[in-house]
Amino acid sequence: MAQELHYNDFGSWIKAKLPFKVQKISINAGFTCPNRDGRISYGGCTFCDNSTFSPAYCSNNKSIKEQLQEGKMFFSKKYPEMKYLAYFQAYTNTYESVDTLKFKYEQALSVEDVVGIVIGTRPDCIDESLLQYLQQLGRERFVLIEYGIESTNETTLKRINRGHTYQCSKDIVQLTHDYGILTGGHVILGLPGEDRNSMLKQADDISRLPLDLLKIHQLQIITGTEMAREYQEHPFHLFNVEEYIELLAEYITRLNPTITLDRFVSQSPENKLIAPRWGLKNYQFTNLFNNYLQQKGIYQGQKYCSFEHINS
Ligand code: SF4
């Protein structure tokens, strides 16, 4: 018998949105990032090594269509009836003129069985003309924008060279939601300088945002990044699995129960990962986490307070 989940899970959420089995296919659409090309900085976020979040089929030497066809071939052997979401994942997928963006998104949507797009981007790299277009597109196809929020703490955002503020994340999440576009956020737990209290406060901050989806990741130190250098020079604490599960459980008790949780861990390639090395696959971690929530009787939103009520 399937285990009852103690939080809103992505699988059930997407099932309610789309009447078929869907799989995201990550693509690299050849964008860059203003935090790497010099518009904001050349260094990038200190934790970032973009190559760690692109699977092998996702190379920008290949066209968007080719990448999607290859992704489809991989998944359709097992599930011929599968439909797909093109996941614009690598770098900043709204960092171009609106005409170029439209061309790339529509190229993806022209591939057979691709029923929607997921667009990963920075909160400071999107304007209203693009939101207007995506609002229109979202009336016919599945459209989700995922913003890298990373932290709600302004000091942390500076320390990791994020190049935008939390205020910027708040504003764009609100605006995207006001346009009626599905809105996701991504945060990292364990960033240097953040203690347990500040990470739990983050859950309260995130709960005030009109987010449909949230991805939560543990901090990973990746070879060649600025953070790897910082970690090697002045090591800071990284979670072991048990600590992370305990913190994450407490975090979700404070989360707004209307938000759906997309994932809880990041899994970087073994050859790139310095620490922490948990040796767990995504599903293995999720099983451990689900068992912990069951044993402790912990649910998403148990300790959530409505801030509208508190602030009024
Ligand atoms: S995490 Fe995103 S915004 Fe930061 S440097 Fe990497 S690609 Fe750019």
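Start at 1 and go down the list; that is how both ligands and their atoms are numbered.
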Do Lys21 and Tyr79 meet the cation-pi criteria used here (NZ or CZ under 6.0 Å from the six-membered ring centre, within 45° of the axis)? yes
Does Phe10 have Lys215 sitting over its ring (NZ/CZ under 6.0 Å from centre, angle to axis within 45°)? no
[X]: numbered ligand 1 atoms lying under 4.0 Å from its heavy atoms:
{"X": "Arg162", "result": "1 (S), 3 (S), 4 (Fe)"}
{"X": "Gly44", "result": "5 (S)"}
{"X": "Arg122", "result": "3 (S)"}

Do Phe264 and Tyr244 have their ring centres less than 6.0 Å from each other? no
Pairs of donor and acceptor atoms involving the side chains of residues 188-201, under 3.5 Å and at least two apart or interchain, shall be tabulated with distances.
unit_1: Glu194; atom_1: OE2; unit_2: Ser151; atom_2: OG; d: 2.6
unit_1: Glu194; atom_1: OE2; unit_2: Thr156; atom_2: OG1; d: 2.7
unit_1: Asp195; atom_1: OD1; unit_2: Asn197; atom_2: N; d: 3.2
unit_1: Asp195; atom_1: OD1; unit_2: Ser198; atom_2: N; d: 2.8
unit_1: Asp195; atom_1: OD1; unit_2: Ser198; atom_2: OG; d: 3.0
unit_1: Arg196; atom_1: NH1; unit_2: Glu246; atom_2: OE1; d: 2.8
unit_1: Arg196; atom_1: NH2; unit_2: Glu246; atom_2: OE2; d: 3.2
unit_1: Ser198; atom_1: OG; unit_2: Asp195; atom_2: N; d: 2.9
unit_1: Ser198; atom_1: OG; unit_2: Asp195; atom_2: O; d: 3.0
unit_1: Lys201; atom_1: NZ; unit_2: Asp205; atom_2: OD1; d: 3.1
unit_1: Lys201; atom_1: NZ; unit_2: Asp205; atom_2: OD2; d: 2.9

With a cut-off of 2.8 Å, does any N, O or S atom of Cys45 fall short of it relative to atom 8 (Fe) of ligand 1? no
Quick one: list whatever passes side-chain hydrogen bond (donor to acceptor under 3.5 Å, both in side chains) with Gln69, sequence neighbours left out. none
Closest to atom 6 (Fe) of ligand 1 by heavy-atom distance, out of Cys48, Cys33, Gly43, is Cys48
